[in-house]
Chemist: 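Below you'll find the structure I mean.
In what follows, every heavy atom counts, from backbone to side chain, and hydrogens, waters and symmetry copies are set aside. The sequence lines fix the lettering, A, B, ..., with proteins before strands; numbering per chain opens at 1.
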Amino acid sequence: MSEETNEEPNGPSPSDIKQIDEATLGITWTDGHESIYHVKFLREKCPCANCIDEWTGEKKIKPGMIQDTIRPLKLKTVGLYAVQFDWNDGHSTGLYPYSLLRSLCQCQDCKAKSAA
Amino acid sequence: MSDQELQVKVMAALKTVMDPDLHKNIVDLGFVKNLNIDNGKVRFDVELTTPACPVKEQLKNECSQKVGAIDGVSEVDVNMTAAVRASEHSQPILTGVKNIIAVASGKGGVGKSTVSTNLAIALSQTGAKVGLMDGDIYGPSIPKMMGIPISPPKGAGNNKFHPHEKHGLKVVSAAFLTEEGQPLMLRGPMLGGIIQQFLQNVEWGELDYLVIDLPPGTGDVQLTLTQRAPLSGGVIVTTPQQISLIDAEKGVKMFQQVKVPVLGVVENMSYFVCDGCDKKHYIFASGAGKQLADQFKVPVLGEIPLLPDVVTAGDSGLPITLSQPDSLASQAYRHLAGQVAAQISINQTKASKKVGAGFELAWKS
């Protein structure tokens, strides 16, 4: 990982972030890759200390806990390294670093790779 | 030859003048401005991206030589100017500030404040408008080094306040928020609050460079700054010993994790020159700065000598770059300022399109 990322030591950054449809977020990266995400999946992967226990690493979000109606109200960048979502269930404490978002990519290629 | 024909030749000649840092010719970079030719007399401006450009004289000479060599040119007048370009940021705070430089080290006691102060002065000596923010809330030392008496900042209305001004710099420090000598006793979250105020509630005005002197470590102040302020780059200060590398590495990795470009490494207390001979004595072994720079593939921006005068100057409130502009240390600081400014300009020209800080997207349902 570190060898190929000469330009950006901690991986690529988004060059565009957009809403694709009612429940899908799209990110285009500086290396040209295009990621798609189902927003419910992103909410389930929230990395904040309420959703993943800081000490034990236990996931507090159990399958089925997040409703299908979950949507962001708005999202914004934090500094130069992360995205913060305001969700319609009132949650907003998760900062998603770009490296995490990239590893969560739901495009066919990346899904196949992470399943392998 | 008509002046029009001459103009074509002059532009062609200037197209062969390369900026050694940006690796492009100065015409394509848009540096050449206000070309005026009158009866063989050629006048033009070369507008650099920073007044601290380390190769200013070299470029000027090359321009006059190449243009002067054209048949029909009787006189060349090259006027070197600078317009500092803003690093990309759209955050509503610090809108008048073009570039923000964070000076960090993992370790304490390596001379961050001395480096920050003299770097800021050296930048301003090139003609740039510079601010200096003392990010060390618990141990602020910038006011002492700058010779600014402790007094509360002046209010500017609308909940804002004016920075102190001294030696041509605008200065903000937590030292001004307490009685002299009184400790500020705060828990972590308050630190972030004070930094937020320094960013949001200070009337910085128009600045080319804001230098931020960070406290040691990777804590609240660093996090708030990287989350709230659109930093153009970080400078890592280390000393020559291997032991200071352990923490300096963490400083570099902190910037990398939050995607702030690391401009390079400064090795402070690099060598000692005694008054008896001109030999550089590397009393703390040498090379930690170079080693760190190589490891992370960033440049060594400068090596600052260890001189008693640097300390005396800092204690007296008149930093070495002002009190003894010809000293070896001052020369090293001027070189450092040039390198820092050059790295920022290089990063700006090669920056790919990115979603900036302050990006927001409202979801449509």
Side-chain angles (χ1 to χ4, degrees), chain A residues 1-33 35 37 39-40 42-43 68-89 92 95-102, chain B residues 87-94 100 102 192 195-196 199 221-234 236 249 251-264 292-298 346-347 349-365:
Chain A
M1 181 83 188
S2 62
E3 282 306 307
E4 73 203 40
T5 51
N6 248 346
E7 278 296 308
E8 288 184 76
N10 210 34
S13 300
S15 58
D16 192 27
I17 301 178
K18 57 185 182 294
Q19 179 176 358
I20 291 178
D21 62 37
E22 197 207 339
T24 313
L25 177 74
I27 297 181
T28 310
W29 300 88
T30 44
D31 63 355
H33 190 78
S35 295
Y37 307 91
V39 294
K40 182 182 170 193
L42 285 178
R43 174 66 185 87
D68 283 340
T69 54
I70 190 81
R71 297 285 181 273
L73 296 171
K74 136 182 128 174
L75 52 105
K76 62 180 182 201
T77 53
V78 176
L80 301 168
Y81 73 99
V83 176
Q84 182 173 18
F85 294 84
D86 264 349
W87 298 100
N88 64 358
D89 63 356
S92 67
L95 303 189
Y96 294 68
Y98 295 152
S99 51
L100 171 68
L101 282 172
R102 180 60 181 248
Chain B
S87 289
E88 232 175 277
H89 64 77
S90 50
Q91 220 132 340
I93 53 172
L94 297 171
I100 306 171
I195 292 296
Q196 184 101 353
L199 296 171
V221 170
Q222 287 82 355
L223 273 171
T224 303
L225 271 171
T226 49
Q227 292 184 346
R228 302 278 171 234
L231 301 177
S232 315
I236 302 289
E249 269 182 44
V252 176
K253 285 180 182 160
M254 167 185 77
F255 281 134
Q256 289 185 341
Q257 276 189 26
V258 295
K259 296 197 153 286
V260 171
V262 176
L263 301 174
L292 183 69
D294 288 349
Q295 185 185 343
F296 291 98
K297 301 195 180 77
V298 295
I346 291 170
N347 285 351
T349 35
K350 72 176 185 198
S352 47
K353 182 182 168 283
K354 278 184 200 166
V355 173
F359 170 89
E360 273 197 32
L361 176 67
W363 201 262
K364 295 184 203 78
S365 48

Chemist: Which residue, L80(A), T77(A), I27(A), forms the side-chain contact (heavy atoms from CB on, under 4.5 Å) with V355(B)?
Modeler: T77(A)

Chemist: Please report the C-alpha distance between K354(B) and T30(A) in whole Å, then the side-chain angles of each, then the deciding distance to 0.1 Å, and finally whether the side chain to side chain contact (heavy atoms under 4.5 Å, CB included) criterion is met.
Modeler: CA-CA 7 Å; K354(B) 278 184 200 166; T30(A) 44; 3.7 Å; yes

Chemist: Is a side-chain donor or acceptor of Q19(A) paired with a backbone partner of K364(B) at a separation under 3.5 angstrom?
Modeler: yes

Chemist: Against chain B, label A82(A) side chain, backbone, both or neither, depending on which of its atoms sit under 4.5 Å from a heavy atom there.
Modeler: neither

Chemist: Knowing that exactly one of V39(A), N88(A), L73(A) qualifies, which makes a side-chain contact (heavy atoms from CB on, under 4.5 Å) with W363(B)?
Modeler: V39(A)

Chemist: Is V83(A) in contact with chain B via its backbone, its side chain, both, or neither, using a 4.5 Å heavy-atom distance?
Modeler: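 It is neither, since no heavy atom gets under 4.5 Å.
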
Chemist: Where does L75(A) contact chain B at under 4.5 Å (heavy atoms): side chain, backbone, both or neither?
Modeler: both

Chemist: Against chain B, label L25(A) side chain, backbone, both or neither, depending on which of its atoms sit under 4.5 Å from a heavy atom there.
Modeler: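 Contact with chain B: backbone and side chain both.
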
Chemist: As an exercise: rank S15(A), A23(A), S13(A) by heavy-atom pairs under 4.5 Å with chain B and give me the winner.
Modeler: S15(A)

Chemist: With only heavy atoms counted, which part of P14(A) is less than 4.5 Å from chain B, the side chain, the backbone, both or neither?
Modeler: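 Both backbone and side chain.
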
Chemist: Please identify, among V78(A), D16(A), I17(A), the residue contributing the most non-hydrogen atom pairs under 4.5 Å to chain B.
Modeler: I17(A)

Chemist: With chain A as the partner, which of L225(B), L231(B), T226(B) has the greatest number of non-hydrogen pairs under 4.5 Å?
Modeler: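 Option with the top pair count is T226(B).
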
Chemist: Any donor and acceptor pair, going by atom type alone, linking the side chain of K259(B) with main-chain N or O of G11(A) inside 3.5 Å?
Modeler: yes

Chemist: What verdict does the side chain to side chain contact (heavy atoms under 4.5 Å, CB included) test give for L95(A) and Q227(B), after you've listed the backbone C-alpha separation in whole Å, the side-chain angles of each residue and the deciding distance to 0.1 Å?
Modeler: CA-CA 10 Å; L95(A) 303 189; Q227(B) 292 184 346; 3.3 Å; yes

